[in-house]
Enquirer: 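A single structure is presented below for examination.
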Amino acid sequence: MNAHEQLKILLVEDDQESMNFFVSCFQEEYNILCASSGEEALERFEQEDDISMVLSDQAMPGMTGVDLLTHIYQQNESVIRIIITGFLNTADIIAAINKGHIYQFIVKPWELVQMRMILSQASYTWRLRQENDQLHEQVIGKNTLLTRANERLHASKEALRNLSISLFTAREEEQRRIAMELHDELGQSLAALKMQTRIMENDFLTAGKKQQEKVKSWSAIIRDNISQIIEDVRLLSKNLSPVIIEDLGLDAALQHLIDNFTETYNISCSFHPAPLQNITSTNGKRIVYRLVQESLNNICNHAQATHIDFSIKVEKELFFITLKDNGQGFHVQEVLTRPQNRRGIGLTAMSERVKMLGGKLDIQSQKNQGTTIFFTIPFDFDKEEKA
Ligand SMILES: Nc1ncnc2c1ncn2[C@@H]1O[C@H](COP(=O)(O)OP(=O)(O)OP(=O)(O)O)[C@@H](O)[C@H]1O
Ligand SMILES: [Mg+2]
């Protein structure tokens, strides 16, 4: 209903003269419906769904005005309820306030100016209530939408996290399988080949001296090459799947990783470990291992560092893993905002893995001041796997 539409008033009055007088005074301004008893008024109220105000005489045969307005209040709280009464009786007033939640009392005989003012104020109040109700409904609607959107967002995040974990597990399993194949099949075949060259060499022992020397030197070259291949295959297999984690535990695997790293790249490293038994899930251990491995790879490939400070701390159900190098540093923001096709995947993979654990990754770096990588990982990241 807009502000210029006439409001609908239900007037309840058993005295015909009073009723006619009210109608003649206000029929221009309001749409007035009449009832001559409380019972009739209730019937009309049920038939008409857009009544804004009910004005009722108090003393009527049958239902009193207060009783009527109490019923009306129970059916629709927002309707404005006004009592018109000839005499003010305290018990009626108390009942009207407590039960009927009356907006106003008007004492008979009423004056036109006063009645006009009361009706106009009541109309204003009714319109405000309507607007308020509409706004309230809109807010509830928006809140419901927001809650649903939030629930969907939460569910997608959870689904994404689970998907990442399954992808990670699947890839690790696949790498593990390839590593085993490499080790068991290719490694063994190359070892056999090495043996065969030795046999070949022995078979030529009876040939001429010159040929013997030639075969011998070739054979030595082939053996060296094969040894190198065997070594490469071993390294490849080890890098693909750090079997050592499952065999010796995460602490030993990390120590081993660092020993290899410092030896190969001639970089010193101080390692401050903490007991890592709290990480019980296989995935958790693998992820932490991969995080450290990728950080070390970046240091050897980009940092030109001579020293690394590597520490693991456990505090209030959180792991803090820190790797600090003294290398040339880099502009973190610039690298992270490069288009995906113009940068490597190391940092992205790290960030994804930390998210899988519900943790945080922070990188601090400055030109010629080295780089520090902080991983914060909650203890309970593998609760789903344990459950
Ligand atoms: N410790 C570090 N010191 C100096 N620069 C670093 C360091 N770590 C990362 N960077 C810089 O950040 C860039 C992005 O690293 P990221 O690991 O994402 O990719 P990448 O190492 O270049 O390639 P990928 O990891 O895919 O082999 C690197 O190219 C390098 O410029
Ligand atoms: Mg990298």
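Numbering of ligands and ligand atoms starts at 1, following listing order. Remember, it's a predicted structure, so these values are computed and weren't measured experimentally.
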Enquirer: Should Val335 be listed as contacting ligand 1, given a heavy-atom distance under 4.0 Å as the test?
Expert: yes
Enquirer: Using distance only, find each side-chain donor-acceptor pair of residues 328-337 under 3.5 Å and give its atom names and separation, not counting sequence neighbours.
Expert:
unit_1: Gln328; atom_1: NE2; unit_2: His302; atom_2: O; d: 2.7
unit_1: His331; atom_1: ND1; unit_2: Glu334; atom_2: N; d: 3.1
unit_1: Glu334; atom_1: OE1; unit_2: Arg338; atom_2: NH2; d: 3.2
unit_1: Glu334; atom_1: OE2; unit_2: Arg338; atom_2: NE; d: 3.2
unit_1: Thr337; atom_1: OG1; unit_2: Gln333; atom_2: O; d: 2.7
unit_1: Thr337; atom_1: OG1; unit_2: Glu334; atom_2: O; d: 3.3

Enquirer: Which residue and atom name correspond to the protein heavy atom nearest atom 2 (C) of ligand 1, and how close is it?
Expert: Thr371 OG1, 3.8 Å
Enquirer: Identify, for atom 4 (C) of ligand 1, the protein heavy atom at the shortest distance, and state residue, atom and that distance.
Expert: Phe330 CD2, 3.6 Å
Enquirer: Tell me which part of Asn301 gets within contact of ligand 1: side chain, backbone, both or neither, using heavy atoms under 4.0 Å.
Expert: neither
Enquirer: For the residue pair Lys324 and Ile299, establish whether any side-chain heavy-atom pair is separated by less than 4.5 Å.
Expert: no
Enquirer: Considering non-hydrogen atoms of the protein only, which is the closest contact for atom 26 (O) of ligand 1, and what is the distance?
Expert: Ile345 N, 2.7 Å
Enquirer: With the threshold set at 4.0 Å, does a side-chain nitrogen-carboxylate oxygen contact exist between Glu48 and Arg44?
Expert: yes
Enquirer: Nearest protein heavy-atom contact for atom 1 (N) of ligand 1: which residue, which atom, what distance?
Expert: Asp325 OD2, 3.0 Å
Enquirer: Name all pairs fulfilling the side chain to side chain donor-acceptor pair (under 3.5 Å) condition that reach into residues 145-155, sequence neighbours left out, sorted by first residue then second.
Expert: none
Enquirer: Quick test of your reading of the structure: of His302, Gln304, Glu294, Met350, whose heavy atom lies closest to atom 29 (O) of ligand 1?
Expert: His302
Enquirer: In terms of residue, atom name and distance, what is the protein heavy atom nearest to atom 15 (O) of ligand 1?
Expert: Leu347 CG, 3.7 Å
Enquirer: Testing Leu10, Val12, Ile83 for side-chain contact (heavy atoms from CB on, under 4.5 Å) with Leu68, which one passes?
Expert: Val12
Enquirer: Angle class for the Phe310/Phe271 ring planes (parallel below 30°, perpendicular above 60°, tilted otherwise)?
Expert: parallel
Enquirer: Going by salt bridge (Lys or Arg N to Asp or Glu O under 4.0 Å), name the pairs with one or both residues in residues 106-121, residues two or more places apart or in two chains.
Expert: Glu13-Lys108, Glu29-Arg116, Asp57-Lys108
Enquirer: How many protein N, O or S atoms are found at a distance of less than 2.8 Å from the Mg ion (ligand 2)?
Expert: 2
Enquirer: Identify the protein heavy atom lying closest to atom 23 (O) of ligand 1, giving its residue, its atom name and the separation to 0.1 Å.
Expert: Gly344 CA, 3.4 Å
Enquirer: Any non-hydrogen side-chain atom of Gln364 less than 4.5 Å from a side-chain atom of Phe374?
Expert: yes
Enquirer: Atom CE in Met63, atom CG in Leu42: separation rounded to 0.5 Å?
Expert: 4.5 Å
Enquirer: Would Ile308 and Ser268 count as a side chain to side chain contact (heavy atoms under 4.5 Å, CB included) here? Give the steps.
Expert: CA-CA 6 Å; Ile308 304 167; Ser268 62; over 6 Å; no
Enquirer: Taking N or O atoms only and a 3.5 Å limit, does Gly329 qualify as a polar contact for ligand 1?
Expert: no
Enquirer: Below 4.0 angstrom, counting only protein heavy atoms, does anything approach atom 12 (O) of ligand 1?
Expert: yes
Enquirer: In the protein, which heavy atom is nearest to atom 8 (N) of ligand 1, and how far is it?
Expert: Asn298 CB, 3.5 Å
Enquirer: Should one rank Cys300, Ala349, Ala303 by closest heavy-atom distance to atom 3 (N) of ligand 1, which comes out on top?
Expert: Ala303
Enquirer: Counting heavy atoms not belonging to Gln74, are there more than 12 under 6.0 Å from its CD?
Expert: yes
Enquirer: Would one find more than 12 heavy atoms of other residues, nucleotides or ligands at under 6.0 Å from atom NE2 of His136?
Expert: no
